[in-house]
Student: 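One structure follows; several queries about it will come next.
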Amino acid sequence: MKSERANFGSKVGAILASAGSAVGLGNIWRFPYETGSNGGSAFILLYILFVLMLGIPIMIAEFVVGRGSQANTGAAYRVLAPGTRWKWAGFMGVMAGFLILGYYSVVAGWTLEYMARAALNGFAGKTPDDFIAIFTDFSQNPFRPVLWMALFLLGTHFIIVKGVKKGIEKASKIMMPLLFIIIVILMICSVTLPGAEKGLEFLLKPDFSKVDSGVLLSAMGQAFFSLSLGMGCLMTYASYYSKNTNLGKTAFSVSIIDTCVAILAGLVIFPAAFSVGISPDAGPSLIFITLPNVFQQAFGNFPVVAYIFSVLFYVLLVVAALTSTISLHEVATAYFHEEFKLTRGRAASIVTAGCIFLGVISSLSLGVMKGYTLFGLGAFDLLDYFTAKILLPFGGLLTSVFVGWYLDKKIVWDELSNRGSLKVPFFKLFIFILRYVAPVAIGFIFINELGLI
Ligand code: PFF
């Protein structure tokens, strides 16, 4: 069957674009601070367990719905389950993408500011208190973060309007290898610092006494966020996969790349932090307050190395964030493009304008609009809470129930085996996980995060 929709041109392109979605601020910003505040390597082991047990099966389920329907996320469930209420699951995914981009782009904008500051040697000779002041002044400023956020979204827009093959795929093929090279260089510098062993120990020697239900839930939430699951992002990308793409293998590759980048980010951050005796448990401000200070101190005798290291680190963050904002943007762009028959350019403009609007509100909510709250949260925190803690787990739950219980198993089998041409030894286990393991586990996070237990 020849489809008229856009497609990724190659298997490598499809994998790199999907891995680009998964690898992002979640790996280099969120993973290290979650690991740092949840006791280190025991958290990492649990995280890997959740990736294997829930992440990969749910990713495959998203691939099945995406490629099986050949439609954007908003339409995918409707195509496979016409005339049912499942269409709302797709609609929710589109909304989630839009809302995530509304605050993710604010943090992405911060990475641009920090890249520029690093490039202008703005961190040299600063004290730890200076770094706190720099971040607080900047993030609460009404203009600068807003401008960076808008610039980041315009960059994303520029790639999106070029289309699936010439925009998303091409950008991912350039940026993902670049990202990998940068992170490996940084990792080598970091682990060879004097005193780096303590950081390695923190990463590699599990201390299970620190594990409680909170750590368990954080590890599961991190797996969802980092793998871009629960809102149909990878579903949209899978709708651009060719009919020959091996869905199971692709999900494994994407998950392995994502997990390796997270661990590499840990190998960049922890050895450097421990080598200068700084604890990595600062939380979300870790990469904006603690790290620039760590880099200055760790390479204090070699200012040029400190300079290059800092610049490369923030370039890495910008690149990682961009491949993820592209994927978030594409979910809503594909929806407007296909559902309302708008040109791709017009659809993308609506999404960009809407996200800039949300971005302005979430950025200002950290400064001049601090007093305006809903349920006790400002816009930035509200978007983060509502999407990551409610919409994503709920979306993942719906996808696993849809593929595990509702969808005809013949369709699932056809997609996984490419109409009988591949062996699918894991089929029964896959269905079992979708039917029982995933709904129970996700239901548990969901209830817990809402504070119901
Ligand atoms: N996975 C991305 C990251 O780790 O930064 C964030 C993300 C992208 C979450 C796309 C959800 C999503 F659909």
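Read the numbers this way: they start at 1 and go in the same order the structure lists the ligands and their atoms.
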Student: Taking N or O atoms only and a 3.5 Å limit, does Ser327 qualify as a polar contact for ligand 1?
Tutor: no
Student: Is there a nitrogen or oxygen of Leu229 sitting under 3.5 Å from a nitrogen or oxygen of ligand 1?
Tutor: no
Student: Is there a donor in the side chain of Asn27 and an acceptor in the side chain of Asp258, or the other way round, less than 3.5 Å apart?
Tutor: yes
Student: Measure the distance from atom 13 (F) of ligand 1 to every protein heavy atom, then report the residue, atom name and distance (to 0.1 Å) of the closest one.
Tutor: Met231 SD, 2.9 Å
Student: Can you report which non-hydrogen protein atom sits closest to atom 10 (C) of ligand 1, along with the distance?
Tutor: Ser228 OG, 3.3 Å
Student: Looking only at distances, please establish whether an N/O atom of ligand 1 is found under 3.5 Å from an N/O atom of Cys233.
Tutor: no
Student: Does the N or O separation between Leu25 and ligand 1 drop below 3.5 Å for any pair?
Tutor: yes
Student: Testing Ser226, Ser41, Ser218 one by one against Tyr47 for a side-chain contact (heavy atoms from CB on, under 4.5 Å), which residue passes?
Tutor: Ser226
Student: Quick one: does Ala22 get an N or O within less than 3.5 Å of an N or O on ligand 1?
Tutor: yes
Student: Can you list the ligand 1 atoms lying under 4.0 Å from a non-hydrogen atom of Ser21?
Tutor: 1 (N), 2 (C), 8 (C)
Student: Could you tell me if any non-hydrogen atom of Trp29 lies under 4.0 Å from any atom of ligand 1?
Tutor: no
Student: If we count only N and O atoms by modelled type, under 3.5 Å, do the side chains of Arg67 and Thr245 hold a donor and an acceptor together?
Tutor: no
Student: Determine whether a donor-acceptor pair (N or O, by modelled atom type, separation under 3.5 Å) exists between the side chain of Arg30 and the backbone of Gly24.
Tutor: no
Student: Between Glu338 and Arg344, does any NZ, NE, NH1 or NH2 come within less than 4.0 Å of an OD or OE carboxylate oxygen?
Tutor: no
Student: For Ser363 and Val360, indicate whether the former's side chain and the latter's backbone hold a donor-acceptor pair under 3.5 Å.
Tutor: no
